[in-house]
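Notes follow the structure.
Given the structure is predicted, the values throughout are model-derived calculations rather than measurements.
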Amino acid sequence: MTSSGSEILVYWEKQVAGLCGVHCINTLLQGSIFTEVDLMHIARDLDERERQQMMAMGSSEEGFLRFMAEESGNVADDGNYSVQVLQEALKVWDVTLTPLASPEVTSTRERPELEEAFICHFEAHWFTIRKVRGHWINLNSLLERPTWLSPLYLSVFLRTLEAQQYTIFVARGLTSRVDALRGSGTESGRGQWLPVSIPESARSATQRRAVDDAEDPTSFLEADAELQSALEASLLSSASDPHPHPSPNRTTAPELDEGDDDDELAQAIALSTASPEDDELAAALALSMQAPTPASPHHHLPPEPPADVVAGVSRIAVRLPDGERVTRRFLDSTPLRVLYEFASLRGALPMDAFTLYAPPSERYALAEYGESTLLELGFVPSLCLTMRRN
């Protein structure tokens, strides 16, 4: 039975070619703000900053020629932008992106509904989940239209995306742009304002939980803990299944009757045990759970992930002091010290003789960040680092 509810207007863009990065930040900002040309300029500017860094290091002419002949480290031929491009674009609006795996946002895992928005990335696709007028909306450009998410389902949805090897960023610093830009359902640039139905039960449940939280601040945490425990139990029970995780293409939330938590719990469990449609994901998950490989007598580098595995993998390029750029793929769980070992081997320098820098000029010292993973540092899905002598 479906109850009569209300509608809210949200800005949404339908997928066009490989422009999901543009759709992602526009739906995050709730307006037709950026175009592919804008992001291309930002990517080229980041490339130019890297060239300037090379000049400051006194790179050889041969190194410059090699760099000019190589592809950009910030945008691929298919229009897939690096997270650095999105971060640079959002700086104008004072919006920051922090990996969900970062210790800075540990509390977000307990109550994600208290955040403003999330940006999700898998392979070459970006999309936004955002709170609009107090309700969570899935703004994925691959959907038929934006869809509503309940607060309880949001937590399960994010954890399910992580199990599918999505990289998730917490977006903070958003202002009330929805009120300023809200239209009347007409098109705006590439996108349009569309009504999203909010079940009456969802509004009632939100009000009920607000009262419960005021009387007992732990009430929501207990409900969320129960939901998550059931989800984790279902994942554990399916550990022997060769396909324990849902397809990365499944990004829509199931419709919930009357906002009933029991139904929501059952649907979350069903989602967690769905069979995948992509064997590549299963291979990536299997790879991520492998025990560490014993170190080689010559170096400590882990084996490079197979070329056909893209989930949970980051493509890292390092610009050496002589101008050469070397590229290698790493699991996003790899600590930064392994990148230092890689750069040390390829650059023929001791690890204490250089420092790695990320664009535009962020210093990542080994002593300070050595045990931080690529995912925690936001070095996903790709990044070009510069190696500078100390």
Side-chain angles (χ1 to χ4, degrees), residues 21 24-25 27-30 82-122 125-132 134-140 149-177 209 213 217-218 220-225 227-229 231-232 251 268 288 311-312 314 331-336 358 362-365 368-383:
C24 177
I25 59 175
T27 52
L28 177 69
L29 296 173
Q30 283 293 281
S82 68
V83 67
Q84 287 72 34
V85 172
L86 272 61
Q87 287 175 320
E88 195 71 12
L90 292 171
K91 279 183 181 179
V92 179
W93 301 97
D94 296 323
V95 176
T96 62
L97 298 180
T98 304
L100 185 57
S102 172
E104 297 178 31
V105 292
T106 302
S107 61
T108 298
R109 291 186 176 279
E110 297 295 330
R111 297 201 66 172
E113 81 285 353
L114 297 181
E115 295 290 345
E116 298 173 274
F118 299 92
I119 282 182
C120 310
H121 179 268
F122 180 80
H125 185 61
W126 295 94
F127 75 92
T128 292
I129 305 171
R130 192 195 197 281
K131 187 186 291 182
V132 180
H135 296 281
W136 283 95
I137 308 296
N138 183 353
L139 295 161
N140 193 336
L149 299 177
S150 75
L152 274 178
Y153 184 78
L154 172 70
S155 177
V156 177
F157 188 43
L158 291 174
R159 291 177 184 270
T160 304
L161 289 176
E162 284 191 299
Q164 296 171 349
Q165 299 299 301
Y166 272 79
T167 300
I168 301 174
F169 298 87
V170 180
R172 289 178 173 175
L174 293 167
T175 57
S176 302
R177 294 193 52 78
R209 282 169 182 157
D213 280 355
T218 65
F220 188 93
L221 292 177
E222 291 172 354
D224 186 63
L227 181 62
Q228 189 55 37
S229 295
L231 173 63
E232 291 173 352
T251 55
S288 68
S314 184
L331 293 177
D332 59 18
S333 58
T334 301
L336 182 65
E362 297 292 331
R363 182 175 182 269
Y364 288 90
E368 185 176 357
Y369 296 99
E371 297 307 314
S372 298
T373 68
L374 303 187
L375 183 59
E376 291 172 343
L377 295 173
F379 290 4
V380 289
S382 63
L383 183 70

TODO: Calculate, to the nearest 0.5 Å, the distance between atoms NZ and CD belonging to K131 and E115 respectively.
DONE: 8.5 Å

Open item on the list: side chain to side chain contact (heavy atoms under 4.5 Å, CB included), that's the test. Do L29 and L90 meet it? Break it down for me.
Closed with: CA-CA 9 Å; L29 296 173; L90 292 171; 4.1 Å; yes

Open item on the list: Does any part of the side chain of F118, heavy atoms only, come nearer than 4.5 Å to the side chain of V170, both counted from C-beta?
Closed with: yes

- [ ] Find out whether L174 and Q30 are in side-chain contact, i.e. whether some heavy atom of one side chain is under 4.5 Å from a heavy atom of the other.
- [x] no

TODO: Examine distances only and state if a side-chain atom of S102 and a backbone atom of E104 form a donor-acceptor pair shorter than 3.5 Å.
DONE: yes

Open item on the list: Keeping S155 on the side-chain end and L152 on the backbone end, is there a donor-acceptor pair under 3.5 Å?
Closed with: no

- [ ] Go through the steps for L161 and I129 under the test side chain to side chain contact (heavy atoms under 4.5 Å, CB included), then give the verdict.
- [x] CA-CA 12 Å; L161 289 176; I129 305 171; 4.3 Å; yes

Task: Sub-4.5 Å side-chain heavy-atom contact between I25 and W126 - done: no

TODO: Can you measure from CD (E113) to OH (Y153) and round to the nearest 0.5 angstrom?
DONE: 16.0 Å

TODO: Look at R159 together with E162 and state whether they make a salt bridge at an N to O cut-off of under 4.0 Å.
DONE: no

Task: Spatial distance of atom CZ (R172) from atom OG1 (T98) [nearest 0.5 Å] - done: 6.5 Å

- [ ] List the atom of Q165, the atom of A311, and the distance in Å for their closest heavy-atom pair.
- [x] CB-CB, 3.5 Å

- [ ] Would you check if the side chain of S372 reaches a backbone N or O of L377 as a donor-acceptor pair within less than 3.5 Å?
- [x] no

Open item on the list: So which atom in R130 and which in L139 form the shortest heavy-atom distance, rounded to 0.1 Å?
Closed with: CB-CD1, 3.8 Å

- [ ] Please report the closest heavy-atom contact between L97 and Q87, naming both atoms and the distance.
- [x] O-NE2, 3.4 Å

- [ ] Would you sort out whether F379 and Y364 count as a side chain to side chain contact (heavy atoms under 4.5 Å, CB included), showing the intermediate values?
- [x] CA-CA 11 Å; F379 290 4; Y364 288 90; 3.8 Å; yes

TODO: Look at the side chain of E371 and the backbone N and O of P335, then say whether any donor-acceptor pair between them is shorter than 3.5 Å.
DONE: no

Open item on the list: Using 0.5 Å steps for rounding, measure from the OG1 atom of T128 to the CD1 atom of I137.
Closed with: 12.5 Å

TODO: Heavy atoms only: give me the nearest L28-A171 pair and the separation to one decimal.
DONE: CD1-CB, 3.9 Å

Task: Closest approach of T373 to S333 (non-hydrogen atoms, all atoms of both residues) - done: CG2-O, 3.4 Å

TODO: Mind listing the closest non-hydrogen atom pair of L374 and V380 along with its distance?
DONE: O-CG1, 4.3 Å

Open item on the list: For L375 and L100: C-alpha separation, side-chain torsions, deciding distance, then whether side chain to side chain contact (heavy atoms under 4.5 Å, CB included) applies.
Closed with: CA-CA 9 Å; L375 183 59; L100 185 57; over 6 Å; no

Open item on the list: Which residues pass the ring-ring contact (aromatic ring centres under 6.0 Å, His included) test with F169, not counting sequence neighbours?
Closed with: none

Open item on the list: Measuring from atom OG1 of T167 to atom CZ of F122, what distance do you get when rounded to the nearest 0.5 angstrom?
Closed with: 9.5 Å

Open item on the list: Classify the ring geometry of F127 against Y166: parallel below 30°, tilted from 30° to 60°, perpendicular beyond 60°.
Closed with: perpendicular

